Amino acid sequence: MMRHLFSSRSATAALVAKAIWSGGISLLNDLLSPVTYLSKPGPDDAELAAFTLKWISDFRGGLCEADLPDLDEFLTNVMLFLSSLLEKHFESIIAERPDELMVSTEKDVLTVTSCLLAANAYAEWVPVVHLVKHGLVKRCESLLHLSKFQTYALKFFKILCQRRRPITAAQDYDDAMGHVFEILMSISQDSLTKDRACSDFSSERELDVAEGICDCLVTLVSSNMQCIVSDTIKTSCFLRQMLEYYQHYKIALHFQCLPFWLMVLTKGPKEFFLASDPADVAFASGTNSAEKGNIGTILFFSDGICSVILDVSFKRMLKTPGTILPCSLELWSDELHGKNGFIQYRSRLLDLIKYIAYRRPILAASRVAQRINSVTGDAITVSNPPKDLAAFESAQLVLNTVVNAIFDDSVENGEIILDTQFSLHRIHDIFGGLLTQLLSLKWTEPRLAVILGHYLSAFCPYLRRHPPVVPAVVNKLFELLSSITASCHDLSIAQSAQSQICSCIIHVCKAVNSTALPSDMKLCCQFVILFNGSWSCSTSKHSHMTLRISSLLTSRKKMY
């Protein structure tokens, strides 16, 4: 009857499955003998046998976890049967030319594919321990190396990785998931090694496979973190692989592991950051003791790992490559990834930067200063604009994120540690030096003046801690305001630029204590605050305000 139904198996799937399930567990056990017999004549019959078992899984109805013990015998036999089918027909496929893994028969390919479909169906609900113990995981692992089966084999592991650890799980569950994790790590390492050796993926298929492997690892760790954190060596190897994916020149691989780093840094378990043995911590991370504070010791996140994440995030803040970026680096493309997605993507990068700044304030401050120096180049000492203006603009967002993360008193997570003079002194040296360089810039072109104004405004949280430098910052902003008036002949451009500079002045004045400003500077700031909303007014009023501000600035210069 089943052979007769083979040609119309889709239409009769529900009927067959319901009929078998209606007979109870005893009928399920009785089914295995004829299914096994059916699979013996050849690949066509074996394919039908695999499909029959898949239907049984698909139409299991309201089966719940409490019913699984009664199905133990049936599931054990099904796993063993599918494993034997995969082994038999996989060997037939590679029998003729095993070194080249060439396909010898399309019928065997269809049979193996049917077995994989059945395996994927059972992987959704059969206990993970059964899948590992009875060989199904091992058979699917062997198929990851064959191009014809990689998609379905990866699907099998993706389903497994999505399984969440049961509340009542025993050690055997953790061991089984740990085994799955080791398989994926091995396949992942092979893929990354091959990529490094060839300097590129030889085909889109290879890239898709690498992306799928990375996706499986991220999914598994998101659902079963405890399977790896107990083993420091395994965790360290895993983090190195995830770091390699994150810094990969292919944005697809970089993007695939971005959720992992966000998850670990924002919601990861304490095991990733805490360790009980100080000696182990010093060996594993080399973390500066001044940055440990109340959050404990960061065991796995060394300065090296954090530096790589920061540097990669800095470079990927752009949509198109600039002259200072490696030619091979793939950046966000509106055509490929969508115009609306970049804002969310960049926001995730800034979140990563922010959470690293919480835990490594000195490191984050140092790296952002280096980034700004690299994108400004010679512009730090001369009046010329930076070579890559887009990179310079994006670096301002990074600076704003890092400074706020380190100094913002409204941070609620309580993880930022600046309770030692050593930390404060180091960060003051870094930001103080960077601020001095920015104040020395002689930019008068409206767009450059506005960018510089935003840079100075980004230092507001730092200025609250270091009021002596506030007058120099405000004075520089007024200079920028005056230079726009003198150098720009396009009134609309000048008005827009002046409005933004005024907003920067207001931001600084509201952020710092009023005692940090000299009395005459307060008068200028009050005037800007009063008339800031009128920069889009008529030409005559705008000219009047411009002359008034210029007069105030001239008076200040005479006083000093």
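All values below come from the heavy atoms of this structure, side chains included, with hydrogens, waters and symmetry mates left out. Note that this is a predicted model, so its numbers are computed, not measured.
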Is [Y] close to [X] at the side-chain level, that is, under 4.5 Å between some pair of heavy atoms?
X: C161; Y: L184; result: yes
X: L217; Y: F260; result: no
X: F156; Y: V137; result: yes
X: C216; Y: L220; result: no
X: M317; Y: V398; result: yes

According to the interplanar angle, ranging from 0 to 90°, do the rings of Y345 and H254 count as parallel (below 30°), tilted (30 to 60°) or perpendicular (above 60°)?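 Perpendicular.
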Has the side chain of [X] got a donor or acceptor atom that lies under 3.5 Å from a matching backbone atom of [Y]?
X: D45; Y: P41; result: no
X: H134; Y: T76; result: no
X: Q150; Y: V209; result: no
X: N224; Y: R163; result: yes
X: S191; Y: S188; result: no
X: S142; Y: R139; result: yes
X: S114; Y: L110; result: yes
X: S83; Y: L136; result: yes
X: R359; Y: L265; result: yes
X: S366; Y: I362; result: no

Heavy-atom closest pair, residues [X] and [Y]:
X: A50; Y: A118; result: O-CB, 3.6 Å
X: L318; Y: L331; result: O-CB, 3.7 Å
X: S307; Y: L363; result: OG-CD1, 3.3 Å
X: L82; Y: A119; result: CD1-N, 4.3 Å
X: R165; Y: D174; result: NE-OD1, 2.7 Å
X: Y246; Y: I309; result: CE2-O, 3.8 Å

Is it the case that over 12 heavy atoms from other parts of the model lie below 6.0 angstrom from the CZ atom of F74?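 Atom CZ in F74 is packed in, count exceeds 12.
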Would one find more than 12 heavy atoms of other residues, nucleotides or ligands at under 6.0 Å from atom CD of E124? yes
Determine, for [X] against [Y], whether the closest basic-nitrogen to carboxylate-oxygen distance falls under 4.0 angstrom.
X: D351; Y: K354; result: yes
X: D311; Y: K315; result: no
X: K250; Y: E211; result: no
X: D303; Y: R360; result: yes

Which residues share a side-chain contact (heavy atoms from CB on, under 4.5 Å) with A49, sequence neighbours left out: V35, L38, S39, F81
Will you find, in the side chains of [X] and [Y], an N or O donor that is under 3.5 Å from an N or O acceptor?
X: Q189; Y: T193; value: yes
X: D175; Y: Q171; value: yes
X: Q162; Y: T219; value: no

Working note: Y355 + Y358, criterion ring pair (Phe, Tyr, Trp, His ring centres under 6.0 Å); need CA distance, chi angles, decisive distance, verdict. CA-CA 5 Å; Y355 283 102; Y358 284 161; 5.2 Å; yes
